[in-house]
Each structure stands twice: as C-alpha cells, then as structure tokens.
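Data first, discussion second: the structure below is written as structure tokens.
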Amino acid sequence: MISLAGRDIMHSLGKFVLTGMGLGLLIGVTLSMAGIYRGLVDDGKALLENSGADLWVVQQDTIGPYAEASSIYSDVWRGIRSMPGVARAANATYFTMQVRQGERDVRAMVAGITAGELGTPGWPPHLIAGRQITRGHYEAVADFATGFKIGDRLQIRRNYYTVVGLTRRMVSSGGDPIVFIPLKDAQEAQFLKDNDAIWQQRHRTAANQAFNRPQVPGLLDAVIASQSTNSYVNAVLVQVEPGHDVDAVAESIRRWKRLTVYTRSQMEEILVGKMIATSAKQIGMFLAILSLVSAAIVAFIIYTLTLGKIREIAVLKLIGTKNRTIVGLIMQQAIALGVIGFVVGKITATLVMAPIFPKYVLLQPFDSIIGFVVVMVICMLSSIISIRAAMKVDPAEAIGG
Amino acid sequence: MDGKGVRIEGLKKRYGSGDTAVDALRGVDMQVAPGEVVGLVGPSGSGKSTLLKCLGAVIEPTAGRMILGDEIIYDDGWKVKDLRALRRDRIGFIFQAPYLIPFLDVTDNVALLPMLAGKPNPEARSRAIELFQALDVEHRAKAMPSQLSGGEQQRVAIARGLVNRPPVILADEPTAPLDSERALAVIRILNDMAQQFETAIIVVTHDEKIIPTFKRIYHIRDGVTYEEAGEGRSIA
C-alpha cells in the first residue's frame with residue numbers, strides 16, 4: 001500500500017520542512033526552558049557538592065547561609081571540631097556583589113575560605129588552571145565563567161586581589177560564578193564601611209558618655225576597635241568522619257551548640273524547594289504556555305494542510321478509501337511535522353540557544369525523551385481537529401451539482 | 001439485459017420533510033446494458049446529480065430498487081452492508097474535473113484503487129499500465145498530475161474509473177473542461193472501454209457536442225426520466 005502521507009510530504013517537501021523548522025524553533029525554546037530549570041537545580045546542587053561539606057552549621061532558626069542571612073561567632077568552629085564524629089570544620093562566608101576588574105565588573109558570589117589544605121570544607125575541589133590560595137590575604141581563585149584570567153587584579157571593596165587559580169562550574173545557587181578569597185578578607189569585606197561612615201560611627205561613639213568615660217581609660221578605643229572588626233562568619237562547614245551517622249552528628253551539634261544544622265539533603269531541599277521554587281514555577285508556566293502555543297500551531301498547520309486537501313479527501317472517500325487510511329494520512333503528517341520540529345528544536349536548543357544563554361542550560365537526555373514524547377502526543381492530539389474535519393467531508397462533494 | 005449492467009426501478013429521493021420536503025427523484029426507471037454508454041441529460045436542478053449520488057451509493061434513496069450486475073443493492077433500503085467497498089469494487093467514477101490526487105504520480109493515482117481493494121502493488125500497477133496502453137498515456141505513467149494536459153488528466157481519470165473493472169461507471173460531465181476534439185475523443189474512449197471491459201457507462205452531460213454520439217439518452221426533468229433513442233453518431 002502506498003504511504004499517502006509520505007507521498008504528500010515529498011510532494012511539498014520544502015513547505016513541509018520550512019513549517020517543521022518554524023515549529024522546531026518553538027520546540028527549541030521549550031527545550032531550552034526545561035534546560036534552564038535543570039540548570040538552576042544543577043547550580044544549587046553544584047554549590048553544595050563543591051563545598052565539600054556534610055553539614056552546614058548556621059545561626060539558630062535561620063535557613064542560611066545561602067537562602068537567608070546567618071551570623072555566628074567565628075570561633076564556634078573550634079568547639080564543633082572537637083565533637084565526636086566531626087572530621088573537619090571550617091568557617092565560611094558568602095556574599096554576592098559586583099567584583100570589579102579594570103573597567104568592567106562581574107556579578108559574583110564572594111566566598112571566604114579558611115586557610116588550610118585541599119579538601120578543607122569550602123575550598124574549591126579542583127582547579128582548571130593556576131593554584132589554590134596560599135597566602136592569608138589578597139589572593140583569589142575565580143570561576144572561569146567570570147571571564148577573569150590568572151594574574152588579573154580584582155577589586156573587592158577597597159582591596160585588590162590577584163587571581164591565582166581558576167575553577168569551572170563553581171557557581172552560587174543563582175548561577176553567579178564564585179570568587180574565593182581568604183576568610184579574613186571576606187569577613188572584612190562583608191561589613192566594610194566607607195571612610196565617612198567609619199568617621200561618623202567613631203564620632204557618635206565618642207559622643208556617647210557611656211563609652212567615653214574619662215575615668216575609664218581605653219574603653220572608647222576598645223569599643224571602637226570592636227565596632228571595626230567582624231568576628232562573625234555565615235556558617236561552619238563540617239565534614240563527618242567516615243562511619244559516623246550524619247544525622248546523629250548534626251543532632252549533637254544542635255543540642256550542644258544551640259545552633260541550626262542542616263544535612264546535605266536538607267540543604268538541597270532549601271535550595272531547590274525554597275530558593276528556586278518561584279523561578280521553577282515561572283519556568284513551569286512558560287513551559288505550559290509554550291506547549292499550548294505549540295499545540296495550537298501544530299493544530300492550525302495540520303488543519304490548514306487538511307483543508308487544502310478537502311477535495312482529494314472527498315475523492316478518496318468516494319472511491320472507497322477506508323476512514324483509517326485518511327486518519328493515517330493526517331496523523332502521520334502531524335507526527336512527521338512533530339519529528340522534524342523536534343529534531344530542529346533539539347539541534348537549535350543544543351547548538352544555538354544553550355551556548356548563548358548567560359546562565360547554565362542543562363539539556364538532559366531524559367528531558368529530551370520526555371520532550372519527544374510530549375511533542376508526539378501534542379501532534380497527535382492536535383491532529384484530532386483535522387481528523388474530525390476530514391471525517392465530516394461528504395464523498396458526495398466530489399460529484400458536482 | 002442478461003442480468004449484468006445496471007437497472008433502476010421507481011427510484012425516489014426526497015430531501016427534507018414536511019412542508020420543506022423536496023422530491024428530487026420521483027420514480028426514475030433506467031437500464032444500461034454491459035458495454036453500453038448512455039447519456040443522462042437534463043437541465044440544472046432536474047435531479048441528475050441526485051440520481052448519480054444514489055446510484056453511486058453516496059446518498060440513500062427514499063424508495064425504489066437498484067440492481068447492479070445480478071445483485072440487488074437497494075430495495076427500499078440498502079441491501080449491501082459495506083457501501084464503501086461497493087463504491088470501491090463495483091462502481092467506477094469519472095468526475096467533471098479529473099480530481100487526480102496531486103501528490104501521487106499517474107500510475108499510483110490509478111493503482112491506488114486496486115491497492116485499496118487489497119490487490120498486491122505489482123498487480124495493481126500492472127493493471128494501471130495495461131489501461132494506460134489502451135488509453136495512450138503509457139508514456140506519462142511516471143508524471144505527476146500537474147505535468148499532464150487536460151486531456152491526459154481526463155484519460156488518467158478514466159483509467160482510474162476502470163481499473164477495478166466495475167460493472168458500472170458513472171461519469172459526471174466528463175467532457176465539461178475539454179474542447180470539442182478532446183471531448184469527442186473522451187467519448188470514443190468511453191465507448192471503446194465499455195465494449196472492451198463489458199462495462200455499463202452512464203454519462204451525465206450538458207455538452208451539446210457529445211449528445212449526438214449516444215445511441216440511447218435518458219432525459220431527466222423534475223425527477224423523472226424519459227428514454228429517447230439517440231443519434232448514435234460515429235466518432236472519427
């Protein structure tokens with residue numbers, strides 16, 4: 001038996017392929033939206049994975065350090081380190097800012113990491129160029145996505161840092177690349193005020209009789225010194241010793257240190273379930289709308305193609321063609337359009353759209369399979385209107401009068 | 001009649017009901033023998049198309065009897081279950097315009113019918129080629145319909161009507177788009193094919209050029225047919 005759909009497609013191949021390509025661009029955008037969502041989730045997971053921590057110790061009743069502000073004393077880590085089951089503990093600070101380099105600036109998350117060795121929680125686990133931070137001040141390791149190069153001089157607040165190493169896929173949950181600097185510098189940068197603000201603060205403190213007591217020499221200097229130093233960090237990152245139960249260690253820290261502790265799965269829930277929940281819903285809405293638009297376009301295209309063949313369908317029915325053959329003609333064309341659209345869409349999303357998006361677009365094979373199935377279902381459902389129209393065609397239309 | 005061809009007795013068709021009812025056919029009697037080509041002539045609205053549609057099993061008559069070959073297909077109700085198969089296997093259609101399927105080549109346009117009837121592709125195609133030889137369009141077998149002249153398209157349409165070797169062919173104004181010479185050529189072909197394949201052919205026409213070529217003519221007026229002997233003028 002002749003494939004009527006195949007012959008019709010081959011007869012007007014150019015028109016069919018161009019239509020498929022148009023649909024493909026729409027499918028490409030839809031696949032890219034799914035990739036953006038996956039990228040958001042992957043960014044969040046990458047942040048947790050790359051931190052090298054099993055537990056995040058943060059200020060009580062907060063969901064810090066990434067989703068909320070958290071502030072704990074910088075010496076808390078010592079007590080935590082001595083607790084049973086804790087292999088390593090290290091302070092960490094995180095804040096997002098514009099990092100300047102020459103005339104340009106880059107949105108980045110600045111991470112303050114403690115001095116130590118490779119494997120210390122918070123440290124970048126691997127570099128693609130250069131070396132790790134070895135000095136206590138003014139060195140930085142930047143992610144490749146910042147566009148910085150080894151030897152570049154960065155400005156964070158008032159201080160300058162030399163880029164000594166580069167990482168890849170070290171990003172915040174928002175997708176901003178991370179710039180690692182020594183903890184002390186980060187602590188200072190986090191709350192560093194400008195000179196005028198410092199002068200005004202000193203002036204106000206000096207004017208306060210409670211701090212400026214002539215009979216207590218040194219009190220004013222001590223208060224001013226405490227105001228201009230930052231003894232807080234955002235979190236303590238903890239690695240649990242092998243063989244110890246992570247939840248048990250977390251519970252122990254909660255109990256004895258009066259702090260909030262999150263395990264990796266809990267932190268993942270915070271990042272994915274809370275931080276990017278709105279973005280995910282937004283993207284989900286976009287996906288739903290794009291799917292509806294795609295369905296409407298496929299339905300319209302197939303309907304138009306079918307209307308253009310009404311006379312042929314009437315003749316086919318008159319000469320005894322079975323309904324299922326006519327349904328097959330329409331359905332196969334809809335599916336062929338979907339296949340062309342999906343192939344074009346997949347290529348467009350992978351080779352054209354994903355590389356030019358500023359944020360990470362993760363196109364997963366499984367998503368592509370789901371996308372293909374959805375496109376096929378949409379095409380089949382969209383062809384129903386056309387099939388109904390074809391079924392209504394009266395074979396008598398082929399006979400004049 | 002020897003039990004072949006087509007016979008219609010007292011065929012009636014009413015559209016609508018009550019005050020708005022229209023009697024398109026009021027008792028049509030007609031008989032066409034195998035190998036015979038008869039003309040069906042009448043003014044617009046006389047019931048020609050309705051008769052053709054009833055005979056083509058496209059619409060259901062209201063009453064009467066239709067016998068195709070030696071089988072009663074309608075007797076105050078359809079006697080055939082699968083009208084689609086009846087149209088496919090036992091009735092050939094030739095339309096006013098050729099209405100060839102534009103995305104199938106000439107051979108497939110014709111071979112499609114036997115394929116729909118379950119014939120293997122090679123057999124269906126060889127039947128088509130055989131008819132192309134008889135109709136002198138063999139050299140256009142691989143062409144697409146849009147590459148054919150009007151006369152060639154109509155000959156291919158005739159081949160399509162004949163390919164399943166039906167006992168009856170219904171030709172609805174088959175010469176309307178053609179000039180005199182080609183119109184007469186089509187009628188000559190229909191006569192040849194009718195005799196060669198023992199097919200009864202009913203040609204609905206307005207065309208004054210071809211009316212004199214029929215040996216028998218049915219006039220239809222207000223839903224009633226009147227038989228008349230035609231001139232049966234030979235076609236050179």
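Just so we're on the same page: letters track the sequence lines, and every chain starts at 1.
Residue A:Lys15 places its NZ atom among 12 or fewer non-hydrogen atoms of other residues, nucleotides or ligands, all under 6.0 Å distant. Heavy-atom neighbours of A:Met21 CE from other residues, nucleotides or ligands within 6.0 Å: at or below the threshold of 12. Dense packing is recorded around OH of B:Tyr15, with more than 12 heavy atoms of other residues, nucleotides or ligands lying under 6.0 Å away. Remark: A:Tyr360 OH is packed, more than 12 non-hydrogen atoms of other residues, nucleotides or ligands lying under 6.0 Å away. For A:Gln282, the CD atom sits in a loose shell: 12 or fewer heavy atoms of surrounding residues, nucleotides or ligands are nearer than 6.0 Å. Residue-environment remark: CE (A:Met285) stays at or below the threshold of 12 foreign heavy atoms within 6.0 Å. Counting non-hydrogen atoms of neighbouring residues, nucleotides and ligands closer than 6.0 angstrom, the CZ atom of B:Phe132 exceeds 12 such neighbours.
Counting heavy atoms from C-beta outward, A:Ile319 and B:Arg88 have side chains that stay 4.5 Å or more apart. Within the 4.5 Å cutoff, the side chain of A:Leu318 has heavy atoms near those of the B:Phe95 side chain. Put simply, the side chain of A:Asp394 reaches to within 4.5 Å of the side chain of B:Val58, judged on heavy atoms. Taking the side chain as every heavy atom from C-beta outward, A:Leu316 and B:Leu112 approach each other to under 4.5 Å.
For chain B, the nearby part of A:Lys309 is the side chain; its heavy atoms alone come within less than 4.5 Å. Of the two parts of A:Asn323, the backbone and the side chain both hold a non-hydrogen atom closer than 4.5 Å to a non-hydrogen atom of chain B. At a 4.5 Å heavy-atom cutoff, the contact between B:Tyr99 and chain A is made by backbone and side-chain atoms alike. Of the atoms belonging to A:Leu4, heavy atoms from both backbone and side chain fall under 4.5 Å from chain B. Residue B:Asn121 touches chain A through its side chain alone, counting heavy-atom pairs closer than 4.5 Å. In this structure, chain A has no heavy atom under 4.5 Å from any part of B:Pro120. Neither the backbone nor the side chain of B:Arg90 comes within contact range of chain A, judged by heavy atoms closer than 4.5 Å.
In this structure, B:Arg125 and A:Ile2 approach most closely via the heavy-atom pair NH2-CG1, 4.3 Å. Contact detail for B:Pro102 and A:His11: the closest heavy-atom pair is O-NE2, 3.2 Å.
With hydrogens and angles disregarded, a donor-acceptor distance shorter than 3.5 Å links the side chain of B:Arg87 to the backbone of A:Lys317. Side-chain atoms of B:Arg84 come within 3.5 Å of backbone N or O of A:Thr321 as a donor-acceptor pair.
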